[in-house]
Participant: 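Encoded as structure tokens, here's the structure I'll be asking about.
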Amino acid sequence: MTETMGRRERKKAATHKALADAALELFLERGYEDVGVREIAEAADVSVTTLFKHFPDGKVALLFDKDDEREAGLRAAVRDRPAGQSVIEALRREVAGDRVDRYRATPRFAQFMDLINSTPALRDYTRRMWLRHEAALAEEIAVAAGLPEDDAACAALAHFALEAGILAHARPDHEEALERIFDLLENGWKSVTGEG
């Protein structure tokens, strides 16, 4: 039974990856608006029904198949940061590191970002996707800072740390922009917690 479940899970993961890879390839080749879900399903050799089982939000979600991993990474960055590292520095490294890791791991990541920035539906979805993690991140920040779970400063920090990545992605000087945004956040956060 365990062996069967393992095989089933591997097949499911392979189908999920095949769909995401096919979608990315087609979107980069022809543009997001000019590709339909039927074409993506055919390219991955699955039915349209299977595509929607894996990606219930439709074709926009095909480009963002690692959403759950992002939230876990954000929470872990705050919770598991090294002793002496500020919450802001942990978030700065997570947001900047996430970007660098994706650039290195995906040779066409720059094209991927151009596609997102030039397609309003993808830009909007990206923003909504990132900001979905706001409440979970705010809760983790509050725990780390020893502040109440509903603390407004923790909620604001979570919101603006997530927005920092979005704002920086849209700028040609994205690395410098990210640094400047986190410098601003760090100075404000110190006034709330005294954290240095």
Side-chain angles (χ1 to χ4, degrees), residues 1-79 91 94-95 97-140 155 158-159 161-170 174:
M1 183 70 173
T2 306
E3 193 175 298
T4 304
M5 285 300 290
R7 192 172 24 245
R8 200 173 295 145
E9 288 304 311
R10 284 193 304 274
K11 185 173 185 206
K12 185 178 174 182
T15 300
H16 192 88
K17 183 176 180 343
L19 283 162
D21 290 349
L24 178 61
E25 193 62 38
L26 289 168
F27 292 156
L28 291 178
E29 183 181 304
R30 298 199 342 247
Y32 175 78
E33 301 296 342
D34 294 329
V35 176
V37 290
R38 185 172 305 284
E39 292 174 87
I40 297 165
E42 286 173 10
D45 197 26
V46 299
S47 69
V48 172
T49 303
T50 298
L51 182 149
F52 281 108
K53 282 181 184 172
H54 284 267
F55 296 94
D57 289 345
K59 76 176 188 175
V60 70
L62 284 154
L63 286 172
F64 306 101
D65 61 327
K66 307 245 187 255
D67 195 29
D68 292 340
E69 292 173 28
R70 276 207 185 91
E71 182 170 307
L74 288 162
R75 289 184 80 118
V78 173
R79 183 184 56 244
L91 289 171
E94 177 65 19
V95 173
D98 182 54
R99 168 198 281 311
V100 169
D101 290 346
R102 284 183 287 155
Y103 269 111
R104 287 185 183 142
T106 310
R108 299 174 76 185
F109 186 69
Q111 286 177 280
F112 170 77
M113 289 312 304
D114 289 344
L115 175 69
I116 289 172
N117 290 327
S118 65
T119 310
L122 295 178
R123 266 196 327 262
D124 293 345
Y125 187 85
T126 302
R127 187 169 192 276
R128 285 193 312 274
M129 179 192 71
W130 266 103
L131 293 179
R132 265 199 303 253
H133 308 307
E134 191 175 317
L137 182 57
E139 178 184 301
E140 204 67 58
H159 179 83
L162 294 171
E163 283 280 9
I166 297 164
L167 289 169
H169 277 308
H174 51 269

Participant: Identify the heavy atoms of L28 and F112 that sit nearest to each other, and give their distance.
Facilitator: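 In terms of heavy atoms, the two residues are closest at CD2-N, 3.8 Å.
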Participant: A side-chain contact here means heavy atoms from C-beta on lying under 4.5 Å apart; do R128 and D124 qualify?
Facilitator: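 A side-chain contact exists here, since the closest heavy-atom pair is under 4.5 Å.
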Participant: Measure the CD-CD distance between E29 and Q111 for me, rounded to the nearest 0.5 Å.
Facilitator: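 The CD atom of Q111 is 11.0 Å from CD of E29, to the nearest 0.5 Å.
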Participant: About how many Å separate CG of D114 and OG1 of T119, when rounded to the nearest 0.5 Å?
Facilitator: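 Reported value, rounded in 0.5 Å steps: 10.0 Å.
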Participant: Atom NE2 of H16 and atom CG of L51: how far apart are they, to the nearest 0.5 Å?
Facilitator: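 Here the rounded value is 10.0 Å.
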Participant: I'd like to check T49 versus K53 (side-chain heavy atoms, cut-off strictly below 4.5 Å). Are they in contact?
Facilitator: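 Counting from C-beta outward, T49 and K53 do come under 4.5 Å.
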Participant: Rounded at 0.5 Å granularity, tell me how far OG in S47 sits from CZ in R38.
Facilitator: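 Separation between the atoms: 10.0 Å.
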Participant: Using side-chain heavy atoms (C-beta onward) and a distance below 4.5 Å, is K12 in contact with H54?
Facilitator: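 When only atoms from C-beta onward are counted, H54 and K12 do touch, with a gap below 4.5 Å.
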Participant: Tell me if the CG atom of D57 is crowded by more than 12 foreign heavy atoms within 6.0 Å.
Facilitator: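 Yes, because the 6.0 Å sphere around CG of D57 holds more than 12 heavy atoms from other groups.
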Participant: Which distance, rounded to the nearest 0.5 Å, do you find between the CG of L137 and the CZ of R70?
Facilitator: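 One gets 14.0 Å once the value is rounded to the nearest 0.5 Å.
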Participant: Are any of the side-chain heavy atoms of F27 and L122 separated by less than 4.5 Å?
Facilitator: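 Not touching, per the 4.5 Å side-chain cut-off.
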Participant: Between H133 and R75, is the side chain to side chain contact (heavy atoms under 4.5 Å, CB included) condition met? List the steps.
Facilitator: CA-CA 9 Å; H133 308 307; R75 289 184 80 118; over 6 Å; no
Participant: Between the side chain of K59 and the main-chain N/O of I40, is any donor-acceptor distance below 3.5 Å?
Facilitator: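 Not a single qualifying donor-acceptor pair exists.
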Participant: Taking all atoms of both residues into account, what is the closest heavy-atom pair of A22 and A43, and its distance?
Facilitator: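 Between these two residues, the closest heavy atoms are CB-CB, 3.8 Å.
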Participant: Where is the tightest heavy-atom contact between A158 and E134, given as atom of each residue plus distance?
Facilitator: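 Smallest heavy-atom distance, with atoms named: CB-O, 3.6 Å.
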Participant: Indicate the atoms forming the closest heavy-atom contact of A161 with V95, along with that distance.
Facilitator: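 Here A161 and V95 meet closest at O-CG2, 4.1 Å.
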Participant: Determine the minimum heavy-atom distance between F52 and G58, stating which atoms define it.
Facilitator: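 It is CE2-CA, 3.6 Å.
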Participant: Determine the sole option in L26, L115, L62 for which the side-chain contact (heavy atoms from CB on, under 4.5 Å) test with Y32 is passed.
Facilitator: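 Passing option: L115.
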Participant: My understanding is that only residues two or more places apart in sequence, or in another chain, count here; which of them pass side chain to side chain donor-acceptor pair (under 3.5 Å) with R30?
Facilitator: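 Once residues adjacent in sequence are excluded, the partners of R30 under the side chain to side chain donor-acceptor pair (under 3.5 Å) criterion are E39.
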Participant: So how far is it from I116 CD1 to T126 OG1, rounded to the nearest 0.5 Å?
Facilitator: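 The CD1 atom of I116 sits 4.0 Å away from the OG1 atom of T126.
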Participant: Determine the minimum heavy-atom distance between A155 and A138, stating which atoms define it.
Facilitator: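 Distance-wise, the nearest heavy atoms are CA-CB, 3.8 Å.
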